[in-house]
Amino acid sequence: MTQIINRSIFDLLKVGIGPSSSHTLAPMKMALDFRKHLIQKNIIFDEIELILKGSFGFTGESHMTPNALIAGLVGLDPVLSPIKKIKSATKDLLDEGILNIGLNYIKVLNRDFIKFSRNFKDLKHPNTCQFIAYLNGQKIVDCSYLSPGGGVILLESDFELQTEDTSLNKSSFSEILIYCKENKISLLELIYAQEESLTGVSRVEIIRNLEKIWYVMESAIKNSLKEEGILEGGLKLERRAKKSLTRLSSNTDKWRKLAPGMGLAGIYALAVSEENASGGRIITAPTCGASGLVPGVLYMLKDSFNLTNRDMSDALAIASLVGNIVVDRASISGAEVGCQGEVGVACSMGAALCTFLSGGSDIQIEMSAESALEHYLGLTCDPIKGLVQIPCIERNAVGAGTAINTSYLIMSSDEKHLISFDSCVDTMMRTGKDMSYKYKETSEGGLAETYC
Ligand code: SF4
């Protein structure tokens, strides 16, 4: 079978820790990778320096990037380690006063070994972190990692090779649909077959792994719906998911009659986004900042449509294709294209899975993904104080409703449309390139500027 989907479902849907895939999850993975390298090569050093550059330099502090770096440096894993230990990584290290990596025991009195640079000049990517190990004042190891979005990490040298490699064809939803038609295969069947040939993992295992992804999504909703109180960070933002659900469930609430499905999906999206903002464990869909929308829509549909575990896995497989095409053709990084690449793409994924579960055709799935993204073109990333709270949390909740609404409109239309998903994604990328740096995860413009 020709490989026309270049990325795995699980490259996109990953277990992550909040609040940001690019600024929290990826830096933790970078530090863990750096630590492994030092240990594997038996490198002896007496000093360490980490420099957060570009967008990291602007919003790293509020995205909890330094704590994520320290968590990775001390060997904590974003998937396996207890969330409590990850959250207290900095405090624990400073209490201990010693950083142990392999044969090295470095005295650590404060966090000053992590530095910030707001300079974008000469950076290969706006999210860059340089890791340096010294011995007697001389650099022993000096490498830079990039965070291109969704929790993915790349060594700077690999990024250069990847961008220079023009032999790889960019994924195209239009070509995928033509392939399905010519080979008389459904979109879902193609996604699974391509995943099998790309990864060598059996169908049974792929579906089991998707069930695990859903389990983490569902747990995030259930855990968050037990929580109340104020989110950390200084904005005094109240957690509202639990309260909103109680209100919607009461017989006196008028909204119950107006839009119960959209209301519920929004509340579940709110729950995951609040869990993410508090540094909890979520799934990147496609990113941590936009992690609430897809599970919000899916959890509501699960009850409304009486869905099985297999339905949930299939819906997530469909959503992953949408996100992966964007990663391949454009970007899901707020620092590169603004929030159109995060909540905009999440809405696209949510609308596509909604249409799939409603019995829509493969063409209608593509149309839903396109239509949802179309209405987010130009959306900036301007989180107040750099926290993934305002506008991020509500954006997920409102986006869940938009995804359902979009799907409903597409299900009521014929299978003709003027703009393809591929064109819309390319437009998003061009728009992102034209956007001032102020609106790309720097907290220098938009709402962030107004609040300051
Ligand atoms: S505004 Fe959007 S892109 Fe920016 S941090 Fe929030 S969710 Fe992410």
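Whatever order the structure lists them in is the order used to number ligands and atoms, beginning at 1. Not measured: the values here are computed from a predicted model. Index from 1, following the sequence.
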(request) Could you tell me whether Glu275 and Lys226 make a salt bridge, using a distance below 4.0 angstrom between a side-chain N and a carboxylate O? (result) no
(request) Return yes if some donor-acceptor pair links the side-chain N/O of Asn67 with the main-chain N/O of Thr90 below 3.5 Å, else return no. (result) yes
(message) When you measure from atom 6 (Fe) of ligand 1 to the N, O or S atoms of Cys339, does any of those distances fall below 2.8 Å?
(response) no
(request) Using a cut-off of strictly less than 2.8 Å, determine whether Cys381 has an N/O/S atom near atom 4 (Fe) of ligand 1. (result) yes
(message) Less than 4.0 angstrom from a charged side-chain N to a carboxylate O is my criterion; do Lys243 and Glu238 meet it?
(response) yes
(request) From the options Lys385, Arg118, Arg111, select the one residue that forms a salt bridge (charged side-chain N to carboxylate O under 4.0 Å, His left out) with Glu61. (result) Arg111
(request) May I ask you to identify the nearest protein heavy atom to atom 6 (Fe) of ligand 1, giving residue, atom name and distance to one decimal place in Å? (result) Cys392 SG, 2.3 Å
(message) Looking at Arg329 and Asp426, is there a salt bridge between them, counting it only when a charged N and a carboxylate O are closer than 4.0 Å?
(response) yes
(message) What protein heavy atom lies closest to atom 1 (S) of ligand 1? Include the residue and the distance to one decimal.
(response) Arg395 NH1, 3.5 Å
(request) Would you mind checking which non-hydrogen protein atom is closest to atom 3 (S) of ligand 1, with the distance to 0.1 Å? (result) Glu342 CD, 3.4 Å
